[in-house]
Amino acid sequence: MPYNQRRGGLREQKWTEKQKTDSQPTSTGDSSAAAVEVATNRVGGLSLSGSSGQTNASVKPIQFGKVQSVNQGPVQGQKGIWIPKSYSTVSGAKTIEVEAPVDKSTVGISGNGAGQAADKKTSVGLSKLFKGDLLENFTVDNSTYAQVQVRATFYPKFENEKSDQEIRTRMIEMVSNGLATLEVSLKHSGSLFMYAGNKGGAYAKNSFGNIYTAVGVFVLGRMFREAWGREAAKMQAEFNDFLERNRVCISMELVTAVLGDHGQRPKEDFVVVTAVTDLGNGKPKFYATPEIIAFCRKWRLPTNHVWLFSTRKAVTSLFAAFDALCEEGTATPVCIALNEIADISIPGSKDHVKEQGEILEGIVARIVSQESSKHMEKVLNDFPPPPMDGVGLHLGPSVRELCAANRSSEKQQIKAILEGVGSSFCPDHSDWLGTGAGDAHSRNADNKLVLSKLLQSHAADFSTTKLQEMIRLMKEKRYPAAFKCYYNYHKIDSISSDNLFYKMVVHVHSDSAFRRYQKEMRSKPGLWPLYRGFFVDINLFKASKERAAEIAKDKSSIVEDVSSDMPGKYGLADEDANLMIKLKFLTYKLRTFLIRNGLSILFKEGPAAYKAYYLRQMKVWGTSAAKQRELSKMLDEWAVYVRRKCGNKQLSSSVYLSEAEPFLEQYAKRSPQNQALIGSAGNLVRTEDFLAIVEGGRDEEGDLERDREVAPSSPSASARDTIPKAEGLIVFFPGLPGSAKSALCKELLNAPGGMGDDRPIQSLMGDLIKGRYWQRVADERRRKPYSIMLADKNAPNEEVWRQIEDMCHSTRASAVPVVPDSEGTDSNPFSLDALAVFMFRVLQRANHPGNLDKESPNAGYVLLMFYHLYEGKSRREFDGELVERFGSLVKMPLLKSDRNPLPDPVKSILEEGINLYKLHTAKHGRLESTKGTYAKEWAKWEKQLRDILFGNAEYLNSVQVPFESAVKDVSEQLRKIAQGEYKTPDTGKKKFGAIVFACR
C-alpha cells in the first residue's frame, strides 16, 4: 500500500541506541538490506495534503451570532462558527473554527428538494428491508453467490501452550542465537476500539452502534483536533477517505473515565494506536510496530511506548527487572527500569503518568524479527515526532462535559456525542441512530437464516471461501461462539430482492475456543486465524452467467497465503512467531481482580467466600507469602468497610473506585509498607456526574447486563432475602436420559411444604406431553406466572436455553439449571464414566413412559444421540455458559471421587459405539439406527453393550453416589434458592459471580 511523505514543523525528540554488550551473529547479506528497503518504501510513500505544520499566527476572533441558516443556504467561502452553549472560552486561549453541527432531520426541508428526494429514496430502501420477506424469499440456487469481507479485526488470540517460564526461556534462547529481537510495549488499562472509516464503521470488542463506539469516535476525532488544529476537519475527512479507499482498520486502546472503571480513572480521555490492519480483499495483514509508528506519525495519531531488546543480557535483565517490580511496580519506576535496560526506547505520544496515572496494568513482550531494530532505526530517522498544532486552542466541550450535559437517556448522549464529533469525521450516524424510518425497527437480522444462506451460497472470492470454511468448522465443532447478524444501513439504497447486505459479528464467548481453533490450524495450515474483535460485511446476490464465469476466473488465479498471522515475523516458524507473554503488575490486579471482580462474591456469598476467592487468585498468580499476608489483611478490612458503607446493595463495578480509591488512599497513609502495597492512591477523578448511560447494562461486548442488587448469603431466609413472590421459577435439566431428573421432580412435588412458600409447584414430564413441549411450558408459565415449574425433560442445547431465557423475560421468572456432576472431556461436558452409568440406569428401567428402557432395541443409540448433542463444549465451557446465562447452577452428584478407573471392556464398547454413531450420522444423518447401512452393526453393538454393562454391574453400582442421598441434597439446595437464601438473578447474558452448588 503506498505511503506519501510529508515533513516540516517537527519538534526535536532524541532516541539513543546503546552499545551492545553481547557479541552475537549479525546478518550482512542482501536479504537484510532488502527487508529494510521494502519496509521503508512501504512507509515512505504516504501523501498527506495540508499545511507544513507551521501554526498560523493570525487567529480570527470568535464571531458571536447565528450560524448561516439552512434555509438560506451557505454563503460561499463562509464557515459556521460553533459556540457551544454554557461553555465560555478560556482566557488567553486561541479559538478554533469548526463546522457547526447540523441537525440532519432539517436538511432538505426547503430549497431544491434534493434532501427530500434522498429521504424518500432511503425510506423506500428501508421499507423493502423491514418488510420481513426479503431474506425468507431469497432462494439459494446455482446462481446464488456470497461475498464476505473482513471489515474490522484485531490480532488473532494465540494461547501459549508453554508455561510462562518456558516462554521466557525460549525468548532468551532465540535472542541469544541472533534469531529474533524481543519487543515490549506498555499495556494501557482501557477498552478495545476499532475504526475503519465513517463508512467502514466503528467497533468495540464484540459490538457496534452503541455508547462505547460513539465515545471512541469522539475521542479519536479529538486527537485529530489536538494534533492538526485548524487543519483538523480537512485531515479527518482525508483520513476517513484513506481508510475506506485502502480498506485499512486501526485498533486502539480507548482510555476514558466515562465508560466505567478499570484499574485507575484516567486524568484525560485518549486513545493509543495498538494495531493497523490492511484488510485488502483477502487475509488481513497487520503492520509491524515500525510501520505503525510511521503510519501514526504521518497522521499524527498517538503511539505506544515501545522498547527493543536485542541481546541476551538485555532480555535476561528485562525479566529480572519485572520479577523485582511485579508486586510493587508502578508506571514511573517500570519505565525508568526499561529505559535503562533496552537497546532502543521509543517513548509514546501519551505519557502514561500524565494522562492515565501511576497504576500500570502491565507490559506485553513478544518475539519479532531480528531486522526489527534496523527497521525501527530507519523509521525513527525518517519520521520524527509530529507537531501538535491544536495545543492552546479551544476545542469545544469534552466527552465528559457532553455526557454530563445529556443525562436523560443513552440515545440522547450518543446523539450529543456524535454531533460533537463534527460532520467532517462522522457525517453518517445510521449505525447508532438508524436511518429515517429505520429508527422504529430493530437492526437485528435473522442470524440462522443469514448464516444458512451464506454457507449454502457459492463463494464469490477467495476470502469468502476461507471465511465460510472457518464458520463451518466452528459450527461443526460447536465452539462457544455466536454469529450475530445485522442489517447494513450503509447499503440501504443497494438492496433488492436479488441483492442483500448484512453485517456480522463473530463473538467468541470463551478463550477455550481460541485454544481449540489453534489445534485445528496446526493440522490445517491454510485455515485462517480466529481474530479478536471480528466483524465482516456479507453480500448475498444472484449472478448472471457472465459474472459467474468472471468470478470463477478470478478465483482460479488466487495463490493461498500461509504466512504468519502476526506482524514483523519474517522467517520465523509459526510456533516462535506467535511467542508472546503478558506481564501484569500486582498493584493493578489487586484493584481489578481482587476488589472489582470480587464484589459479586462478597455481596452474594459473604466474607468467607470472598476470602477463599482472593486467596485462590493469589495462589494462581504465585504471589509471595509476605504479600499474600499483607493483601489478606487489607482485603479483609476492605470487605468490612464496603459492606458497612453499602449495606445489602452491591457496589457497581463500573464505579467501584468511588469507594475503593478513598479506602486505599487512607490505608496507604498508615505506613511505607502499606504505600508500597497500594502503589499509588488519591487524586480521584469523580465520574458520577458524567458517567455514560448504558441502558440494559451492556459492557463493550454489547450484551451483558449491569450489576443487580443482591442479598448476601445467610443461614436463614428473611423477607429481604427472598425472591419476590411475584416472580416464578423454572427448574430445568441440561443432561441425558438416566440422570434422575424425573425422580428429583417427584421428590420436589411430594415434599411436605413444597419449596417453602405458597407458590404452586407443577411438573411437566416431557414423555407425557404430545407436540411442542417447550411451547407447552411457555403456555403454562403465562397461565401461572408466579408458579414454580419443574421442566422434566432433557434441555440439551442453546436453542432450548434461549427459549427458557425468553420465558423468564416475558413472565418475570428466574431459571435454575440442574446438571449431573461429571469431569467431562476436552470436547464434551460428560465423561465416558458418566455415559456408562446413564446407559446402565436406562437399561434397568421398565415401563418407561417414553419407551426408553430395557425393552428398547436402540436404547444405546438414543443415549449416544443425546451425548453428541453436547459435543463441542468442555465441562468448564458448559458450566460457564449456563452460569453466564442463568446466574446459577446446581450440580447433582453422580460418581464417587475415589472410584476405580472405568473397566477396559466398558470403555472399549462405548468408544466403538461413538465411532459407529459418527459413521452412521455422516451417511444417514438422523435416521434411526434400526434402518440404513449400519442396522446390523447397531443390533450387534446393542447386544454387546447390554452384556458388557450387566457383566460389570457390580462396578457400575459401586461408583455411583447413593441415589436417594443425591436427590435429597439437590432438593434441599433448590428449596434454598426458591426461598431466597441464595438469590438467583434474572436471566440474560451476563456475568454474575457463579452461584454453583456441587451437592455432596
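All residue numbers in this chain count up from 1 along the given sequence.
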For residues 930-940, run the donor-acceptor check on the side chains, cut-off 3.5 Å, and write out each pair with its distance to 0.1 Å, sequence neighbours left out.
{"unit_1": "Thr933", "atom_1": "OG1", "unit_2": "Lys923", "atom_2": "NZ", "d": "3.4"}
{"unit_1": "Thr933", "atom_1": "OG1", "unit_2": "His924", "atom_2": "NE2", "d": "3.0"}
{"unit_1": "Trp938", "atom_1": "NE1", "unit_2": "His920", "atom_2": "ND1", "d": "3.4"}

Contacts of Arg168 that satisfy salt bridge (charged side-chain N to carboxylate O under 4.0 Å, His left out) - sequence neighbours left out: Asp323
Counting only N and O atoms by type, is there a donor-acceptor contact under 3.5 Å from the side chain of Asp853 to the main-chain atoms of His848? yes
Between Phe886 and Glu805, is there a side-chain heavy-atom distance shorter than 4.5 Å? yes
Looking only at atom types and distance, does a side-chain atom of Asn828 sit under 3.5 Å from a main-chain N or O of Tyr867, one as donor and one as acceptor? yes
CG of Asn957: more than 12 outside heavy atoms within 6.0 angstrom? yes
Do you know the tightest heavy-atom contact between Leu530 and Ala513? CD2-O, 4.4 Å
Salt bridge present between Asp767 and Lys793 (N-O < 4.0 angstrom): no
Between Pro737 and Leu863, is any pair of side-chain heavy atoms under 4.5 Å apart? yes
With rounding to the nearest 0.5 Å, note down the distance linking CG in Leu869 to CD in Glu798. 12.0 Å
Taking the side chain as everything from C-beta on, heavy atoms only, tell me whether Cys745 gets closer than 4.5 Å to Phe733. yes
Is it the case that over 12 heavy atoms from other parts of the model lie below 6.0 angstrom from the CZ atom of Arg899? yes
Atom CG of Asn847: over 12 foreign heavy atoms under 6.0 Å: no
Under 3.5 Å: donor-acceptor pair, side chain of Lys907, backbone of Leu832: no
Ion pair check, Glu520 and Lys477, cut-off under 4.0 Å: yes
Between the CD atom in Glu928 and the CG atom in Asn858, the distance rounded to the nearest 0.5 Å is 6.5 Å
Report the residues that fulfil ring-ring contact (aromatic ring centres under 6.0 Å, His included) with Phe830, sequence neighbours left out, ordered by chain and then residue number. Tyr870, Phe878
For Ser827, which residues count as a side chain to side chain donor-acceptor pair (under 3.5 Å) partner, sequence neighbours excluded? Glu871
Do the side chains of Glu476 and Arg472 get close enough for a salt bridge, i.e. N-O under 4.0 angstrom? no
Mark yes or no for whether Arg781, through its side chain, and Ile730, through its backbone, hold a donor-acceptor pair below 3.5 Å. no
Distance, nearest 0.5 Å, that separates OG of Ser929 from CD of Glu942: 5.5 Å
Show your reasoning for whether salt bridge (Lys or Arg N to Asp or Glu O under 4.0 Å) applies to Glu799 and Arg802. CA-CA 5 Å; Glu799 183 178 351; Arg802 280 194 291 271; 5.7 Å; no
Note: Pro893 and Val970 closest approach over all heavy atoms is CD-CG2, 4.0 Å
Hey, does Val842 have a side-chain heavy atom less than 4.5 Å from the side chain of Met839? no
With sequence neighbours left out, what residues match Ser624 under side chain to side chain donor-acceptor pair (under 3.5 Å)? Glu327
Using modelled atom types only, decide if a donor and an acceptor are shared between the side chain of Ser814 and the backbone of Leu729 within a distance under 3.5 Å. no
Student check: side-chain heavy atoms of Gln960 and Phe840 closer than 4.5 Å: yes
Would you mind checking if Asp947 and Lys943 are paired as a salt bridge, meaning a charged N to carboxylate O distance below 4.0 Å? yes
Looking at Arg876 and Glu823, is there a salt bridge between them, counting it only when a charged N and a carboxylate O are closer than 4.0 Å? no
Test your reading of the model: is there a side-chain donor-acceptor pair from Gln628 to the backbone of Thr623, 3.5 Å cut-off? yes
So, using salt bridge (charged side-chain N to carboxylate O under 4.0 Å, His left out) as the criterion, who are the partners of Lys746 when residues are at least two apart? none
Partners meeting side chain to side chain donor-acceptor pair (under 3.5 Å) with Ser971 (sequence neighbours left out): none
Closest non-hydrogen atom pair, Tyr517 against Leu527: OH-CG, 3.3 Å
Roughly how far, to the nearest 0.5 Å, is the CD atom of Gln844 from the CG atom of Leu949? 9.5 Å
For Trp774, the ring-ring contact (aromatic ring centres under 6.0 Å, His included) test, sequence neighbours excluded, returns none
Nearest 0.5 Å, please: how far is CE in Met892 from NZ in Lys741? 10.5 Å
Ion pair present between Glu630 and Lys627, side-chain N to carboxylate O less than 4.0 angstrom? yes
Hey, does the side chain of Arg841 reach the backbone of Gly738 with a donor-acceptor pair shorter than 3.5 angstrom? yes
Between the CG atom in Leu635 and the CD1 atom in Ile595, the distance rounded to the nearest 0.5 Å is 6.0 Å
What heavy-atom pair brings Ala859 and Leu852 nearest, and what distance separates the two atoms? CA-CD1, 3.9 Å
Check residues 909-918 and write down every donor-acceptor pair under 3.5 Å in which the side-chain atom is one partner and the other belongs to a residue at least two apart or another chain.
{"unit_1": "Asn915", "atom_1": "ND2", "unit_2": "Glu911", "atom_2": "O", "d": "3.3"}

Is there a salt bridge (Lys or Arg N to Asp or Glu O under 4.0 Å) between Glu881 and Arg885? Walk through the geometry before answering. CA-CA 6 Å; Glu881 183 167 353; Arg885 285 175 179 270; 3.1 Å; yes
Are the side chain of Asp792 and the backbone of Leu764 linked by a donor-acceptor contact shorter than 3.5 Å? no
Pair Glu780 + Arg776, salt bridge at N-O below 4.0 Å: yes
Residues in side chain to side chain donor-acceptor pair (under 3.5 Å) with Tyr773, at least two apart? none
Any side-chain heavy atom of Leu748 sitting closer than 4.5 Å to one from Ile761? no
Looking at Tyr955 and Asn900, would you say the former's side chain and the latter's main chain have a donor-acceptor pair under 3.5 Å? yes
Between Phe950 and Leu956, is the side-chain contact (heavy atoms from CB on, under 4.5 Å) condition met? List the steps. CA-CA 9 Å; Phe950 286 109; Leu956 292 170; over 6 Å; no
Side chains of Tyr614 and Asp636: any donor to acceptor distance under 3.5 Å? yes
For Asn794 versus Ser739, what's the shortest heavy-atom pair and its separation? OD1-OG, 4.4 Å
Residues two or more places apart in sequence or in another chain: which of them pass ring-ring contact (aromatic ring centres under 6.0 Å, His included) with Phe838? none
Would you name the heavy atoms of Ile804 and Ala815 that are closest together and state the gap between them? CG2-CB, 3.9 Å
Can you list the residues that meet the salt bridge (charged side-chain N to carboxylate O under 4.0 Å, His left out) rule with Arg478, with sequence neighbours excluded? none
Less than 6.0 angstrom separating the ring centers of Trp941 and Tyr861, yes or no? no
